[in-house]
Amino acid sequence: MLELHHLSCGYGAFEAVHDLSLTLRPGTITGLIGTNGAGKSSTLMCVAGHVALKAGAIMFDGQDISTLTPEQRVRRGIAISPEGRRLFKDLSVEDNLRVGGLIQPASHFKQDRDYVLGLFPRLGERLDSLAGNLSGGEQQMLAIGRALMTRPKLIMIDELSLGLMPKVIDLCYRALQQLRQDGMTILLVEQNTDRVLAFADDVCVLESGRTVWQGKASDALNDTSLTAAYLGLH
Amino acid sequence: QIKIGFNVPLTGFAAADGKSALEGAKLAVAQANAKGGVAGQKVELVVYDDQASPKEAVPVATKLVEKDKVVGAVSGSYSGSTRAAAGIFQQGKVPYVVSYAIHPDITLTGDYMFRVSAMGEVQGRAGSMLVQNLGKKKVALITLKNDFGQALAAGFKEGAQKFGLQVVNEYEYGMQDRQFGALVSKVKSDNPDVIYASGYYFTAGPLVSQLRAAGVSVPIIGQEGYDSDKFIEIAGAAAEGVYVTTSLDRDSDSAATKSFLADFRKEVGSNADMVAASSFTATNVLIEGLKKTNGKGGDALKDALAAGTFETPIGKLAFNDLHEVKKDVQVQVIKDKAFRRHSVISGPLLSPPSKPAK
Amino acid sequence: MEYEISLLTTMAISVLFALSLNLITGFCGQISLGHAAFLGIGAYLSALLSKAGLPFLATLPLGMLLAGIIGAIVGLASLRVRADFLAITTMGVGFLFVGIVRQQDWLGGELGVSAIPDSGLSKVGFMVFSLLLCVATAALCIYIRKSWMGRVFNGVAEDEDTMRVLGIDVPRYKLAAFAIGTALAGLAGGLYAQHLKFIGPDSFGFVESVTVLSMVVVGGIGSVVGVSLGAAVLSALPAWFQFIGDYKLLVYGGLLFLMMRFSPGGMAALVTRLVKRNGGRA
Amino acid sequence: MKIQPQALLRVANVTVRFGGLTAIDDVSFDVQPGELLGLIGPNGAGKTTMLRAITGVVRATEGDVMLEGDSLNGMPIHKRIQKGLSLSQQLVKPFREISLLDNVALAAGMARTRSPLKALMHVSQDEEAAIGREMLERVGIAAHADQKPGIQPLGILKRLEMARALALKPKLLLLDEPLAGLNSKEANALATTIAEINRQGVTIILIEHNLGEVMRVCQRLVVLDNGRKIAQGEPRAVMNDPAVRSAYLGGDTIAEKAKQPNLAVVGGTHA
Amino acid sequence: MLFLELTAQGLVQGSIYALVALGLTLVYGLLRILHVAHAALFTLGGYLGVMVTNATGSLTLGFIAAMGAAGMAGVAMYRACYEPILKQPPFVALIASIGLYIAFEELFRIIFGAAGLSYQAPPLQEQVALFGGLQFKQAELLVMLGTAVIIGVLGYLQNKTRVGVACQATVSDPQMAESFGIKLRQVRDINFFVGSALAGFAGVWVALLNNLVEPTMGSVPSYKGLAIIVLGGMGSVRGTLLAALVLGIVESFGTIYLGKLLDRNAIAFAFLIAVLMVRPQGLFARR
Ligand SMILES: Nc1ncnc2c1ncn2[C@@H]1O[C@H](COP(=O)(O)OP(=O)(O)OP(=O)(O)O)[C@@H](O)[C@H]1O
Ligand SMILES: Nc1ncnc2c1ncn2[C@@H]1O[C@H](COP(=O)(O)OP(=O)(O)OP(=O)(O)O)[C@@H](O)[C@H]1O
Ligand SMILES: CC(C)C[C@H](N)C(=O)O
Ligand SMILES: [Mg+2]
Ligand SMILES: [Mg+2]
C-alpha cells in the first residue's frame, strides 16, 4: 500500500525525520507514536506532499509518488487530517465538506456528507456555521470528516483524539475499525498511546526523527523496555 | 557656450504639456543658434524634469543655479513647480522667464521674475468680457479645482460683477475627473445662456463632449487650457463653436506669429499650441535679453529684460514694474476642426497688477 | 556646494518623515496610507505661524503638537478597523485632509502658502539643524525599540488579540504609536515648509503618502537603519536620475518592483545578506 | 442555591448568543478561593465560550461575572487580566518573532506595560526574564527557552501557553485543555504541576477532556451540555450522574447503538 | 427629474467602478493583495480598445483584444510579481504593485505618447430616450447592462458552485486546498485572467464614454477600486457591486450639492470612513 523507503524530510537545512522505512499493509491501522517533536507530523505532511523529501522514496500502490504534487496525491487516494486541523476557516461547515468532496463526482456529495454527519451528528447542527467559529472538538470532527469526503484509500489522521470528548473518541475508533474492515488503510498519529496500542495492527515509534521500534502493536505492549522508555505508560 | 536653464514636466500628469513646451523652447534655441547664437557663442538649453511638482522643482532649480551656473532660466512648467523654483532663482539672482504658469505669487517673489503670459485673473476677466460681447447674461461657471481654475474663476467673477452678469451656479471638479454625468445633468437643469468652464484639454474634451451629448447647446467658453489640437480630437464634433481665450492667434498677420507657426510645423510635425508658443516666446525673450548684454546674466540681464520690448508669436511684449506683460487676449473659436480667430479683447480691464506698494 | 546642501536637507527631512511612519507601521503594525496629511498639518501650521511672525523654531513644537493630537484622533479610528480596512481608512484620511485644505481660503486654498519667512538659519545651518533632528529621531526610535514600549508594539503588530489576553491595553498603545508617529511627521512638515518655502495641497496627497510608505518598505520595514537608508536613497533618486530624463519614473517604478520582488526584506535585508556573504568569504 | 459571599469568581445567569445560536444558556456557578474546579462537557457544550465570557473576549449577552465581588460587566479584557485573571487558550497563539523566553517575559512585564508612558521609561528585562525562565521550568520546557515558537511541536506550544498565563501571576487561572497533545506520561506530569500551582494558592478553572487527570486533580466539577449546566459537585458523584454519563461518556446504551452510522458507505468504493 | 438623472448618472459611474473593482475583488478575495497595478490593466484595455477599433473599424475586435491582452497581462503579473512573494507580509506586495503601476503608466506614456489617444469615430454615442425624458448615451446604457450580467454570472459562480467554493478554499489555507485536489496555480491564473479581463473591459467602456485614453487614466481607479472592495466587505461579488453603485450615487449627488465643500475624492472617502466607523467590516460583509 504505502511504503516509505529510507525517507528523510525536513525544513530548509533542518532534517526532521531521518531514514524512516515503513510499510503499511492494506486494510490495516498503523499507529505512529513518539514524544513531542519526534517527527510524526512531519512524516504525515511529507507523505501528503507538503514537507520537502530530502532522501528516500514514497511508494503508493506500487508506484513512486515522491515527485507528485499534493493535489495529485489526493487524487491517488491519500487523504490527510493534519495537525492543527487547518480547516477552511472562512467557509461554512458544509462548504468545508464540499471541498473535501471536490475530487469526487458532485453526485456523491449528499451521500458522503450524510455519512460524515452520521458519524458526527454535532456537525449536522452547525452546517452553516463558519468553520473558524467551531469549538475545538467540532473542528477536529470536521477535519476528519473532510478527509473522509475524498473517499480515500489511505487516510492519515494527526492527533486523532485531540480535543475530542471520550464519547466521540470511542465513536471514532469504532468507525475507523469499520473502515478498516471495508478495506481502507489508516495511518494514525496519537498521543493517547494506550488507545493506539489497543486498536492498531502495527506501530512505529519515532524519537527525534529516528525509528526506535517497529512491529506489531501486540508485541509493543509486551516490550516493557519500550513502554517504559518511550511510550510513557506505567 | 551660454547656458540657459529650463524646468519642465517631462513625466507625471503634465507630461503632455511639458513635451509641447520643450519643443517650443528647443525651437527658439535652435533658431537663435542658427543665426549665430549670442555674442558669438552658442546657446545651450539645460533641461530638467520637474514632474510639475514643487518638491521636485526645488532640487532642479538649485542644480541649475549652483551646478550648471545658468545665466538665465525659463519655466516651461505649471504654477506649483514654478513657484517653488522662483524663490531659488531669485536668491541666486538668475533672471527667470515664466512662460505659461499663471500663479500671481510668481512675479511677487522678486525682481528677477518675468512672465510673458496673462495671469489667470486677467484671463478670467477677459472671459467675462467675452460673455458680455456675446450678449449673454446667465452664466454657469464650471471651475477646475486647482490654482489655475481658481484664479480664472476669481477673475471671471470680478468681471461678471462689473458687467452685471448673472452667475446662475458654480461647480468645481477635480483634475482627475473625466466623467461629468452628474454635473452635466445639473447644468442642464440650470438652463444658462452660456457656460464658462475652465480646464485643460484632457478635462475639457470630455466635459464639452458630454455637455453637447446631453443636448446642452449654449455657447461654451474655455481658456488657454483648451488650446491644443488634442482638445478638438477628443471633443470631436462637439468642439465646433467653442470659444477659447488664449494668447496665441492662429490667424494673426504678425510676421512673428506666422513664421513661428510655420517653423514649428516644419520642425516638430504638428501644430503649435499655446504652451509651445509661450515657451518659445519666453525662451526667445531671454535670448533677446542676453543678446543685449552680450551674454551676461545677473543684474544686467534683468535690466535688459525689464527695459526691452519684444516681438513674439503671442504679440508685442513689454514688462511693467512687476514684470508682468500687458497684452491683448485672443479669442479663438473652433471651426471646421481648427482654431480660428473670433475676436480680440483689450482694454484697461486686462491690465496686469503692478508692484504692490511696500 | 549649495546643491549638495539642499539635497542633503531634503534627504534629512525625508528620513525623519519615513522614520515617523515606521514607528506606526513598522513598530506597531498599523499600516497607514495617509501619513502625508500629518506632514501637511505640520507644514501648514509652521508656515502660517511663521508668516504671522512667530520665530521658526517656535513653530516646530506647535506643529508637532497639532499633528500629534489629530494623529491620536485618527488613531481612535484605527481602533475600529484593522489591517487592510485600516489602510483604506487612513488613505481616506489623506484624501479628506487634501479635500478640506483645498477649500480653505485662509490656508491659501488651491494656491497654497508661499513666501514663508526664512528661519534665519543659514542654508548650512538649516541643513545641520535638520540632520540633528533626524539623528535625534533615529535615536529615539532605537530607544523605543529597546524599551518595553517597543516590545509591546511588536506584540500588537503580530497579534493584538493575544496581547489583550496578556493584560495589555492595546488601544492605548496604538494611540501612543499614532500620536508619536504623527507628531514626528508634523516636525518633518515644519522643516519641509521651511525648506521649500512654498506649500500647496497637492504636496500632501496620496502620492506623497505612498512614496513615504515605499521608503519604509524598501528600506526594510521596522529597521531603523534600513528605513533611514531607504528614505535617503529614494528621496535623492529623482535628482540623481535627471540624466535619464524621460525614463526617470519608469526606472523608479521598476526599481520599487524589483526591490520587493527580489529582496522583500528591503535594503536592510539586502545589506545583511551582502555583509554575510562577504564575511563568509573573508 | 446557596450564596457564598466569599466566592472568588461568581458566574451569575450568564447567557451568550452568537447570532441565533445560544452557546451558553443561563449558567451560574461560583469558584471558591483556592479551588481547582474542573469544567467539563461534550464538544461544543460552551466551555471555551464560558472562559471567554469570563475574560471578556466575548461579551455575555445576559448575566454577570464577578471577581471578588466586583462586577466585570463591560470591563475590557486587559482590565480583567490586570485584576487577576489569566487565560491559557485552547488554540495556542505564541508570538512567532521572539523566543519562548521572551514570550513569557512579555507577560511577566505586566506591571511595566500597564501604561505606554511607563513602558517607554523602562528598558531592562532581566527581572522578567528570570520569571520567564522559572515558569518555563515549571511546565518543563526550559530547554527550549531560546528557540522561536515557529518550529516547536504542538506539545511544547501548549505548555508555553500555560507558562505565559502563569507569568501574569494571576489570582484565577483559566486553563483550556492544557493537556491536549501531550502523551499520558507528560499529561500526568503537567496535571501534577497544575495541582501544585493550585496548592500554592492560585485558584484554577480547568477545562479538560482527559478525564483520568480531571478526576485525579479536580476538587469539584461543573458540567455543561449544550450551553446548559447539567451537573456540579464532587467529581465522583458527578461522574455517576446518569445525565452526565449519557451526554459525555457514551456508555453503550441501546439508543446509542441504534444511531450508529452505516460505516460501509465511504471507502468501500476504493477498496 | 434632476433627482432621477443624478441617480442614473451615479449608476453609470458606479457600473464602471464595479467593473474595475470586481477584478480587484477576485484578486483580493484570493490572495489578500492590494493589487494597485490592476488599474494599469484597465488602462491597457483602454488603449487596446481604441487602437484596435481605430485600426480595424470594429469595436467588437477592440473589446476582444482589450480583454484578451489585459487578461494575459494579469496572469503574467501574477506569475512574475505576486507568486514569488506571496509569503511576504502584505505591504511588500502592495509596494511591488505600486512600483509596477508606476512603471506601466510610464510605459504607456513613452510608447503611446503623453497626450493620450481618442477614437477617430467614437461608436455608441447616440442618445437613447427612456421613460420620463431620461436620456442616455448608448454606451452608458450598455455599460450598465453589461455590468449587471457579468456580476450576475460571477455572483452565481462564486456562491453556488463547486468552482466558487474551491476558489474560496485557497484563501483560508492554500496548502490544504491543494491537499483536497485543488490546482492552486490554475485557480489563481483563472481568477487573475477573469479579473484582469474585466479591468480591460472597463477600460474600453471608459474610453468610449470619454473618448480619451491617457497614461494616467488608471490613477483614480487604482485607489478608488480598493476603497470599493473595502466598502463592499472584501471578497464578495455582490458586496462589491452594491458598494460601487452606492459610491457612484454618493459621488453623483455629492459633487453637485457638496462640491463646494469637498472635492469628489474627499466626498467618497468621507463616506467610506463614516461607513467603516459604524460597520468596520464593510457595508455588505458576509459576516
Ligand atoms: N515549519 C518548520 N520549520 C522548521 N522546523 C520545523 C517546522 N515544523 C516542525 N519543525 C521541527 O521538526 C521537528 C519534528 O516536528 P513534528 O511537528 O513533526 O513533531 P511531532 O512528532 O508531530 O510532535 P508533536 O507530537 O508535538 O506534534 C521538530 O523538532 C520541530 O521543531
Ligand atoms: N464566535 C462564534 N460564532 C458562532 N458560534 C460560535 C462561536 N464561538 C463558539 N461558537 C459555537 O458555540 C458552541 C460552543 O463552543 P465552545 O467553543 O464554547 O465549546 P467547547 O465546550 O469549548 O467545546 P470543545 O470541547 O469542543 O472545545 C459551539 O457549538 C460553537 O460552534
Ligand atoms: C497648460 C496651462 C494651461 C497651465 C496653466 N496655465 C497652469 O499654470 O497650471
Ligand atoms: Mg505533531
Ligand atoms: Mg473548547
Side-chain angles (χ1 to χ4, degrees), chain B residues 9-20 22 142-146 169-190 200-210 212-215 228-239 270 273 275, chain E residues 1-13 16 102 105-106 109-110 113-122 125-127 134-137 139-140 206-207 209-217 219-221 224 248-249 251-257 259-266:
Chain B
L10 294 176
T11 57
F13 74 93
D17 276 334
K19 189 125 198 315
S20 192
L22 182 60
I142 303 177
T143 299
L144 170 62
K145 227 187 246 268
N146 75 348
N169 229 326
E170 197 185 339
Y171 306 95
E172 298 195 13
Y173 72 91
M175 188 79 144
Q176 291 171 322
D177 287 349
R178 302 288 183 275
Q179 256 157 288
F180 301 96
L183 198 154
V184 166
S185 304
K186 186 68 180 28
V187 168
K188 206 170 148 187
S189 77
D190 290 340
Y200 301 116
Y201 69 84
F202 46 84
T203 61
L207 172 63
V208 168
S209 91
Q210 287 168 38
R212 290 294 185 243
S228 156
D229 282 357
K230 278 301 285 182
F231 169 70
I232 302 176
E233 200 184 316
I234 298 165
S270 61
D273 53 15
V275 167
Chain E
M1 183 61 210
L2 181 61
F3 177 83
L4 257 183
E5 273 187 26
L6 290 184
T7 311
Q9 287 303 332
L11 289 178
V12 172
Q13 181 70 59
I16 297 280
I102 295 174
E105 203 174 79
E106 289 297 294
R109 185 180 59 74
I110 292 165
L117 301 178
S118 300
Y119 286 100
Q120 278 146 9
Q125 301 296 314
E126 277 92 277
Q127 291 285 319
L134 211 53
Q135 274 201 344
F136 282 106
K137 262 192 221 178
E140 290 174 332
V206 167
L209 291 176
N210 302 342
N211 195 25
L212 174 62
V213 290
E214 318 157 77
T216 52
M217 71 189 264
S219 60
V220 175
K224 212 77 40 89
I249 291 172
E251 284 189 14
S252 171
F253 282 89
T255 47
I256 298 304
Y257 296 107
K260 291 258 194 57
L261 290 176
L262 284 176
D263 61 30
R264 188 183 194 132
N265 284 332

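The figures that follow rest on heavy atoms only: side chains count, while hydrogens, waters and symmetry mates do not.
Contact of Leu2(E) with chain B is made through the side chain alone, with heavy-atom distances under 4.5 Å. Only the side chain of Tyr201(B) has a heavy atom closer than 4.5 Å to any heavy atom of chain E. For Ile16(E), the part lying near chain B is the side chain, with the backbone staying farther off; criterion is any non-hydrogen pair under 4.5 Å. Looking at Ala14(B), neither its backbone nor its side chain comes within 4.5 Å of chain E, counting heavy atoms on both sides. When heavy atoms are compared at a cutoff of 4.5 Å, Glu214(E) approaches chain B solely by way of its side chain, counted from C-beta outward. Residue Ser252(E) touches chain B through both its backbone and its side chain, counting heavy-atom pairs closer than 4.5 Å. Heavy-atom distances place the side chain of Tyr257(E), and not its backbone, under 4.5 Å from chain B. Heavy atoms closer than 4.5 Å to chain B are found in the backbone of Leu262(E), but not in its side chain.
Without hydrogens or angle criteria, Arg109(E) side chain to Leu10(B) main chain gives a donor-acceptor distance under 3.5 Å. Between the Lys19(B) side chain and the Ala115(E) main chain, no donor and acceptor come within less than 3.5 Å of each other.
We find the NZ-NZ distance between Lys145(B) and Lys260(E) to be 9.5 Å, quoted to the nearest 0.5 Å. With rounding to the nearest 0.5 angstrom, the CD1 atom of Ile256(E) is 8.5 Å from the OG atom of Ser189(B). We find the CD-OG1 distance between Glu105(E) and Thr11(B) to be 10.0 Å, quoted to the nearest 0.5 Å. For the atom pair OG1 of Thr255(E) and NZ of Lys186(B), the computed distance is 11.0 Å after rounding to the nearest 0.5 Å.
Of all the heavy atoms in Asn211(E) and Glu233(B), the pair that sits closest is ND2-O, 3.8 Å. Scanning both residues, Gln9(E) and Ser185(B), for their nearest heavy atoms gives CG-OG, 3.7 Å. Looking at every heavy atom in both residues, Ala182(B) comes nearest to Leu6(E) through O-CD2, 3.4 Å. Contact record, Gly259(E) with Glu172(B): O-CB, 4.4 Å, taken as the closest heavy-atom pair. In terms of heavy-atom proximity, Glu106(E) sits nearest to Gly12(B) at OE2-N, 4.0 Å.
Ranked by heavy-atom pairs under 4.5 Å with chain E, the list Tyr171(B), Phe13(B), Phe202(B) is led by Phe202(B). No other option in Leu212(E), Thr216(E), Asn265(E) has as many heavy-atom pairs under 4.5 Å with chain B as Leu212(E). Top candidate by heavy-atom pairs under 4.5 Å with chain B, chosen from Gln120(E), Glu126(E), Glu5(E), is Glu5(E). With respect to chain B, the highest number of heavy-atom pairs below 4.5 Å among Gln127(E), Glu251(E), Lys137(E) belongs to Gln127(E).
Residues Arg178(B) and Val220(E) are not in side-chain contact: their nearest non-hydrogen atoms beyond the backbone lie 4.5 Å or more apart. When side chains are defined from C-beta on, Asn210(E) counts as touching Gln179(B), because their heavy atoms get closer than 4.5 Å.
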